[in-house]
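Read through the structure below, which is laid out as structure tokens, and then see the notes.
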Amino acid sequence: MASLKVYNSLTRQKEVFTPINAPYVGMYVCGPTVSGESHLGHARPFITFDVVFRYLQHLGYKVRYVRNITDAGHFEEEGREAEDKIATKAVLEKLEPMELVQKYTNMFHWAMQQFNNLPPSIEPTATGHIVEQIEMIKQIIADGYAYEANGSVYFDVEKYNTDFSKKGQPYGILSGRNLEDQLDTTRELDNQDEKQNKSDFALWKKAPPEHIMRWQSPWGEGFPGWHIECSAMSSKYLGKKFDIHGGGMDLQFPHHECEIAQSTVCNHVAPANYWLHNNMITINGKKMGKSYNNVIKLSELFAGTHPILEQAYAPNTVRFFILQSHYRGTLDFSNEALIAAEKAAKRLWEAYEWLSKQQVSDATPAATDIELDKKVNALVDDFEVFMSDDFSTPKVLANMFELVPIINGIKDKHTPITALSNSTVLHLQQSLKTYLEDIFGLVAPSAANTAVLDGVLQLLIEVRSQAKASKDFVTSDKIRNQLMALGIQLKDEKDGSVSYSVSN
RNA sequence: GGUCCUGUGGCCGAGUGGCUAGGCAGAGCUCUGCAAAAGCUUCCACAGCGGUUCGAAUCCGCUCGGGACCUCCA
């Protein structure tokens, strides 16, 4: 098993990954808030950690991957007025929060399937764990690190910081902030007067009358604070201390910082050993935001319906595009870049598909081109080296692209397959399959070919070949050009056969 | 304003102080009835200014630009 290194946000350096209780690995990733439709920004963390999940399993770990659904909070449906929440309407007319939550949860699951993300081992909901959250808050109060004020409960950040700094665990340990720097810079918010200090954060919020999601608690009717759900669910399903906590960089502060504080008080131990954060996606060099009007929903992305988009982009193209950059760098989204990714993914996949159909027995036990054989083995062997170096998917892909001309050279008979030993060919075939399909989770870029379509195309190819044989190029070109207009490209191979590829 | 990240060729993106990243686009050639596809070759780079060094895209400083976060919003 290769020694995996990961960049730990907590220590700000790459570290060898050592599970607490190998071969078991516990991984928690902050999931979506299902109060709206998922957008392009959501694609990055969930694809990134899907690949982490897949790679850990590839290395032989038994991973429990927990990703929550945040379905508790403040909900409004687009287009509906606040009056909808008032109880004077009939039950079926009123905004029912669980109906909204269900709708957006379904859409989220649909998008994850489109991306070919594996489902997490457990996908707990915040509303399903209110009891656990209340218990946790009670514990924090009992330990003296939270206080009640007017039906709400706040975490005492000052006290926590004072006490835990002595143990080397100050508030700000993850984000690199220190408490003193922040006190002056906070903007004005509601209910600040309830807090003893501006840096305190809510564990439980009293529900105002119009708030539609509310639960009974020792402090009255209300709803849980923003951060507590992840602490409650991660410790319930992964234990007080687990291996990996992941999420977007935007969550590092305050969300993850607060999780650490809460869990450390409750469980007397910091929650996770390794904190992994993916960077953000920008669009044409600008961050995604409502003010720029560049928030692209995933359904719009796949259909090409957002004004920014010049065409539709297949989920697989987006996935490939994301894997072409390292997860900790920002990634700029543009039509030009996506179109380039689409073409690149196609070229890579077609070479892979062709190779996977070749019989290894056609090669020979010993390579006739020792240099090439060595080169191929070196390129393939580096897949694992690169992936084990903090998941360097772009470097693995670069190596794959160096293999493409070699594979196509064999296909076009520039290079005999016997140049490589049969063990090398087998190694190449298996490694490409493992990395492209099992770890990267990529799929064939073209639309699904049905048996019927294939039959029709074989017929057309045969007719065209006959036309060509009798020098009837008008007919042969007509078949070729009209198929092209339909998105079906015919390719005259070197050996006289004809293949085709279907674009979406 | 504070904390942190970042600035690579037409576009997207790797990058260890000295050795080709890779993809897409462009140019030439080969193959082809013509194309496409594919193969081969090739152009284009390290924001700016200083410094350290035998040598810096890679280390340090400054300037300019971009980005994230700065608490009840997930």
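In what follows, chains are A, B, ... by sequence order, proteins preceding strands, each numbered from 1.
- Interface remark: the Asp492(A) side chain does form a donor-acceptor pair with the A35(B) base, using a distance-only criterion of under 3.5 Å.
- Residue Arg347(A) places at least one side-chain N or O under 4.0 Å from the OP1 or OP2 atom of G39(B).
- Base engagement by Phe473(A) is indicated by at least one non-hydrogen atom pair under 4.0 Å involving a base atom.
- For Asp477(A) and G33(B), a side-chain-to-base donor-acceptor distance below 3.5 Å is present, hydrogens and geometry of angles not being considered.
- No engagement by Leu338(A) is indicated, since no non-hydrogen atom pair under 4.0 Å with the nucleic acid exists.
- Regarding contacts with the backbone of G33(B), every side-chain N or O of Lys468(A) stays at 4.0 angstrom or more from both OP1 and OP2.
- Here Ala337(A) lies in heavy-atom contact (under 4.0 Å) with sugar-phosphate atoms only.
- You'll find the side chain of Tyr435(A) reaches within 4.5 Å of the side chain of Met400(A), heavy atoms only.
- Considering Asn278(A), Asp390(A), Thr48(A) in turn, Asp390(A) is the only one that fulfils the side chain to side chain donor-acceptor pair (under 3.5 Å) rule with Arg328(A).
- When the P atom is compared between G28(B) and U20(B), the two are found 27 Å apart, to the nearest whole Å.
- Of the P atoms belonging to A57(B) and C69(B), the separation is 33 Å, rounded to the nearest Å.
- Using a 4.0 Å heavy-atom criterion, one finds that His326(A) contacts the sugar-phosphate atoms exclusively.
- Across all strands, Thr282(A) comes closer than 4.0 Å to no nucleic acid atom at all (heavy-atom distances).
- Judged by Watson-Crick or G-U wobble contacts below 3.5 Å, the nucleotide U52(B) has no partner.
- Between the side chain of Arg480(A) and the base of A36(B) there is no donor-acceptor pair of N/O atoms closer than 3.5 Å.
- Among the heavy atoms of the strands lying under 4.0 Å from Ala344(A) are primed sugar atoms or P, OP1, OP2 only; no base atom is included.
- When heavy atoms are screened at a 4.0 angstrom cut-off, Phe321(A) is found touching the sugar-phosphate backbone but no base atom.
- Among the heavy atoms of the strands lying under 4.0 Å from Ser476(A) is at least one base atom, whether or not backbone atoms are also near.
- Under the Watson-Crick and G-U wobble criteria, each requiring two contacts below 3.5 Å, nucleotide U16(B) is left unpaired.
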